[in-house]
A.B. asks: 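Structure in structure tokens, see below.
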Amino acid sequence: MTSLRTTCAIAGGGPAGMMAGHLLARAGIDVVVLEKHADFLRDFRGDTVHPSTLEVMDELGLIERFLARPHQKVRRLAGKFGDTELIFADFSSLPVRHRYIAMMPQWELLDFLAEEGRRFAGFGLRMRAEVTDLVEADGRVRGLHARTPEGPLEIAADLVIGADGRHSRVRECAGLEVESIGAPMDVLWFRVSRKDSDPDDTTGRFDAGRISIMINRGDYWQCAFVIPKGSVDEVHARGLAAFREAVAKLAPFLGDRLGEIASFDDVKLLTVAVDRLTNWTRPGLLCIGDCAHAMSPVGGIGINLAVQDAVAAANILAAPLRAGRASEADLQKVEARRLFPTRMTQRLQVFIQNRVIAPTLKSTTQLQVPLAVRLLTQVPLLRRLPARLIGLGIRPEHVETKAA
């Protein structure tokens, strides 16, 4: 078994883990991030980098290098509800420098954070290192066990941060209780090529019994087809032709290209979950991101909540970690800071799930446009509220740590 010592060991190389690792290393703290995969190349992960995260990149002095990576800018969210066309959110009024969502493959974001992190002497990233257990002694988490191609690895650490997603091994090993809030839908993701004659907007389409989201990725559409929770077997049983037909009804201009979906192997299932831990901490352990709270895909804000958690964690914990005295009270300050925006965001997501998504999926007749949607079409000023909630979120975080 290989053993090593660090100040902070982070389980999970997703947005929360990589941003936390970057910020802590920037503050002069030794960090090791463990990522179980060999690279970041996973398809159909969240690819939305919202204005709140772009602000963080700007505050770090990284925005120009970051935006040199491939991306598309989404300045508004448009859609069609039944026969009613509308703009759901317009980011042009946000009080920030970057008033758009950057649609960037998540592997680009993670690779960028890894590249920038390596500029700091204390930053370590171990790929193909799968966390298997916690190291515990005297009632405190004191490190991690991991499986690597070279054999078992044990890392001793003053602090462990669990950032290994909604199926977290860390929170399972820690015995932390998960409160399931629920979701009425799952999502099928797939790609279809894009033509210059296609619409430009990233758009959503709501019709009786069907919902789709189409994200403009330049030369292709990243498509989400929303289905009732647990109904993927029924979709498969109806067959590929029926699935293509259902997609074509929501996006007729794609009809000549849906043969690109050659089989259901080209259609990936996202099982939607909304949950959060009842307690994000144990002595020596803090959970952040999806490990602490799985978000609904409503608003595409999961990445940005994870980044906000990481910024808050670094702001609060950098000084105690440098002094070698990060206490449970310090960890609880992070949870207290992030719990309110998490709860409020999940409540808003659940409200939309229950009042808009679930009734739409259950509908078999002409869709009735909800009052809130009608108001957005009639009073453009109201579009600022969803733009702020989606673009900046509740209690956006700002970088307070100084570079060492």
A.B. asks: Minimum heavy-atom separation for Arg171 to Cys287, with atom names?
C.D. replies: CB-SG, 4.5 Å

A.B. asks: I'd like to check the ring-ring contact (aromatic ring centres under 6.0 Å, His included) partners of Phe88; sequence neighbours left out, ordered by chain and number.
C.D. replies: none

A.B. asks: Could you tell me whether Glu136 and Arg282 make a salt bridge, using a distance below 4.0 angstrom between a side-chain N and a carboxylate O?
C.D. replies: yes

A.B. asks: If a pair satisfies ring pair (Phe, Tyr, Trp, His ring centres under 6.0 Å) and one of its residues is in residues 326-365, list it, with sequence neighbours excluded.
C.D. replies: none

A.B. asks: Would you please test Arg257 and Glu260 for salt bridge (Lys or Arg N to Asp or Glu O under 4.0 Å) and show each step?
C.D. replies: CA-CA 6 Å; Arg257 282 162 271 168; Glu260 295 171 12; 5.7 Å; no

A.B. asks: Could you work out, with side-chain contact (heavy atoms from CB on, under 4.5 Å) as the rule, every residue matching Thr2, not counting sequence neighbours?
C.D. replies: Leu153

A.B. asks: Does Arg194 reach the main-chain N or O of Pro199 with its side chain, forming a donor-acceptor pair under 3.5 Å?
C.D. replies: yes

A.B. asks: Listed by chain and number, what are the salt bridge (Lys or Arg N to Asp or Glu O under 4.0 Å) partners of Arg147, not counting sequence neighbours?
C.D. replies: Glu130

A.B. asks: Sorted by first residue and then second, give each side-chain hydrogen bond (donor to acceptor under 3.5 Å, both in side chains) pair with at least one member in residues 5-20; sequence neighbours left out.
C.D. replies: Arg5-Asp158

A.B. asks: Please list all pairs passing the ring pair (Phe, Tyr, Trp, His ring centres under 6.0 Å) test where one or both residues lie in residues 272-308, with sequence neighbours left out.
C.D. replies: Trp280-His293

A.B. asks: Closer than 4.0 angstrom, basic N to acidic O: yes or no for Arg119 and Glu116?
C.D. replies: yes

A.B. asks: Give, for atom OG of Ser212 and atom CG of Leu254, the distance between the pair rounded to the nearest 0.5 Å.
C.D. replies: 8.5 Å

A.B. asks: Looking at Leu331, Val311, Val334, which one forms a side-chain contact (heavy atoms from CB on, under 4.5 Å) with Ile316?
C.D. replies: Val334

A.B. asks: For residues 204-223, which residue pairs pass the salt bridge (Lys or Arg N to Asp or Glu O under 4.0 Å) check, not counting sequence neighbours?
C.D. replies: Asp47-Arg217, Arg205-Asp207

A.B. asks: What residue pairs, at least two apart or across chains, pass salt bridge (Lys or Arg N to Asp or Glu O under 4.0 Å) with a residue in residues 287-305?
C.D. replies: Arg166-Asp290

A.B. asks: Give every donor-acceptor pair under 3.5 Å between a side-chain atom in residues 388-404 and any protein atom, sequence neighbours left out.
C.D. replies:
| from | atom 1 | to | atom 2 | distance (Å) |
| --- | --- | --- | --- | --- |
| Arg395 | NH1 | Arg337 | O | 2.8 |
| Glu397 | OE1 | Arg337 | NE | 3.2 |
| Glu397 | OE1 | Arg337 | NH2 | 3.2 |
| Glu397 | OE2 | Arg337 | NE | 2.9 |
| Glu397 | OE2 | Arg338 | NH1 | 2.9 |
| His398 | ND1 | Glu59 | OE2 | 2.6 |
| Thr401 | OG1 | Arg26 | NH1 | 3.4 |

A.B. asks: Nearest 0.5 Å, what's the CE-OG1 distance between Met104 and Thr53?
C.D. replies: 11.0 Å

A.B. asks: Rounded at 0.5 Å granularity, tell me how far CZ in Arg75 sits from CG in Asp90.
C.D. replies: 10.5 Å

A.B. asks: Can you pull the salt bridge (Lys or Arg N to Asp or Glu O under 4.0 Å) pairs that have at least one residue in residues 91-103, sequence neighbours excluded?
C.D. replies: Asp58-Arg97

A.B. asks: Just jot down the side-chain contact (heavy atoms from CB on, under 4.5 Å) partners of Ala129, sequence neighbours excluded, or say none.
C.D. replies: Leu34, Arg126, Thr148

A.B. asks: Are Phe40 and Phe112 an aromatic pair, judged by ring center distance below 6.0 Å?
C.D. replies: no

A.B. asks: Using the salt bridge (Lys or Arg N to Asp or Glu O under 4.0 Å) rule, collect all pairs that involve residues 228-244, keeping only residues at least two apart or in two chains.
C.D. replies: Asp186-Lys229

A.B. asks: Do Phe91 and Tyr100 have ring centres separated by under 6.0 Å?
C.D. replies: no

A.B. asks: Once you round to the nearest 0.5 Å, how far does CZ of Arg322 lie from CG of Asp30?
C.D. replies: 12.5 Å

A.B. asks: When rounded to the nearest 0.5 angstrom, what is the spacing between OG1 in Thr203 and CD in Glu85?
C.D. replies: 8.0 Å

A.B. asks: Which residue in the set Val272, Asp275, Thr345, Ile303 passes side-chain contact (heavy atoms from CB on, under 4.5 Å) when paired with Met295?
C.D. replies: Thr345

A.B. asks: Is Gln346 reaching over with its side chain to a backbone N or O of Ser296, donor-acceptor style, under 3.5 angstrom?
C.D. replies: no

A.B. asks: Rounded at 0.5 Å granularity, tell me how far NZ in Lys73 sits from CG in Leu67.
C.D. replies: 5.5 Å

A.B. asks: Parallel, tilted or perpendicular: which one describes the rings of Phe206 and Phe81, with boundaries at 30° and 60°?
C.D. replies: parallel

